[in-house]
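Below is one structure, written out as C-alpha cells; comments come after it.
The first residue of the sequence shown is numbered 1, and numbering continues consecutively from there.
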Amino acid sequence: MDEVLTRVCSRCGVSKPLNDFNNDKSRPSGKQSRCKLCQKIGREEFKKMNPDYFSNYREENRSILREKNR
C-alpha cells in the first residue's frame, strides 16, 4: 500500500511534501491543512492588520500570564 508523501496546501494550492506541514493530532491525516509558509504569511498579515492586538491582550490578561509563566 502506497503512503501519501505530499499534501496540497489549502491556501496556496501547491502540492508540497509532508515535512512542509505542521503536525495536528486532531486531524485524520495528522497534519494541518495550510503549509508552514502560508501560516507564517497569515500571522504576518494578522499582525499588520491588528498592530495593537498582542499588547492589548498582554495588558488585559497580565495576572493570567504571570501565573502561566511561574
Side-chain angles (χ1 to χ4, degrees):
M1 190 169 176
D2 292 332
E3 194 173 325
V4 178
L5 299 176
T6 62
R7 182 179 178 98
V8 177
C9 175
S10 65
R11 183 170 184 190
C12 65
V14 177
S15 180
K16 297 183 177 185
L18 290 179
N19 292 340
D20 288 349
F21 294 86
N22 287 319
N23 294 330
D24 187 351
K25 292 180 182 179
S26 68
R27 299 197 181 268
S29 66
K31 296 290 182 177
Q32 293 185 347
S33 60
R34 293 192 308 170
C35 66
K36 291 178 182 179
L37 180 60
C38 286
Q39 287 181 353
K40 181 179 179 181
I41 292 169
R43 282 192 304 271
E44 291 171 355
E45 289 174 355
F46 181 83
K47 286 180 182 180
K48 285 180 185 176
M49 293 177 68
N50 304 292
D52 298 329
Y53 175 81
F54 295 103
S55 59
N56 289 341
Y57 178 84
R58 283 191 299 272
E59 188 66 36
E60 292 171 3
N61 298 290
R62 184 177 301 268
S63 61
I64 295 170
L65 295 173
R66 282 185 181 160
E67 286 296 319
K68 282 184 180 180
N69 288 330
R70 283 187 180 185

Looking at [atom1] of [X] and [atom2] of [Y], how far apart are the two atoms once the value is rounded to the nearest 0.5 Å?
X	Y	atom1	atom2	value
Asp20	Leu37	CG	CG	8.5 Å
Ile64	Arg58	CD1	CZ	14.5 Å
Cys12	Ile41	SG	CD1	8.0 Å

Practice task
Mark yes or no for whether Arg34, through its side chain, and Phe21, through its backbone, hold a donor-acceptor pair below 3.5 Å.
Solution key: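 It does not hold such a pair.
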Handout entry: Asn50 side-chain N/O to Phe46 backbone N/O, donor-acceptor pair under 3.5 Å
Key =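 It does hold such a pair.
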Handout entry: Partner of Cys38 under side chain to side chain contact (heavy atoms under 4.5 Å, CB included), chosen from Cys9, Ser10, Ser33
Key =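 Filter result, single survivor: Cys9.
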Handout entry: Nearest atoms (heavy-atom pairs only) where Cys35 meets Lys16
Key =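 Answer, listing the atom of Cys35 first, then Lys16: SG-NZ, 3.1 Å.
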Problem - Nearest non-hydrogen partners of Asn19 and Lys36, listed with the distance - result: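 Result for this residue pair: O-NZ, 3.2 Å.
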Do [X] and [Y] come within less than 4.5 Å of each other through their side chains, counting heavy atoms only?
X	Y	answer
Lys31	Asn22	no
Arg27	Asp24	yes
Lys47	Tyr53	no
Lys40	Arg43	yes

Practice task
Would you check if there is a donor-acceptor pair between the side chains of Arg7 and Ser15 at a distance under 3.5 Å?
Solution key: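 There is no such pair (donor and acceptor under 3.5 Å, judged by atom type) between the side chains of Ser15 and Arg7.
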Handout entry: Exercise: do Asn23 and Gln32 side chains pair donor with acceptor under 3.5 Å
Key =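 Looking only at side-chain atoms, Gln32 and Asn23 do not form any donor-acceptor pair under 3.5 Å.
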Problem - Presence of salt bridge, Arg70 and Glu67, under 4.0 angstrom - result: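 Looking at Glu67 and Arg70, the cut-off is met.
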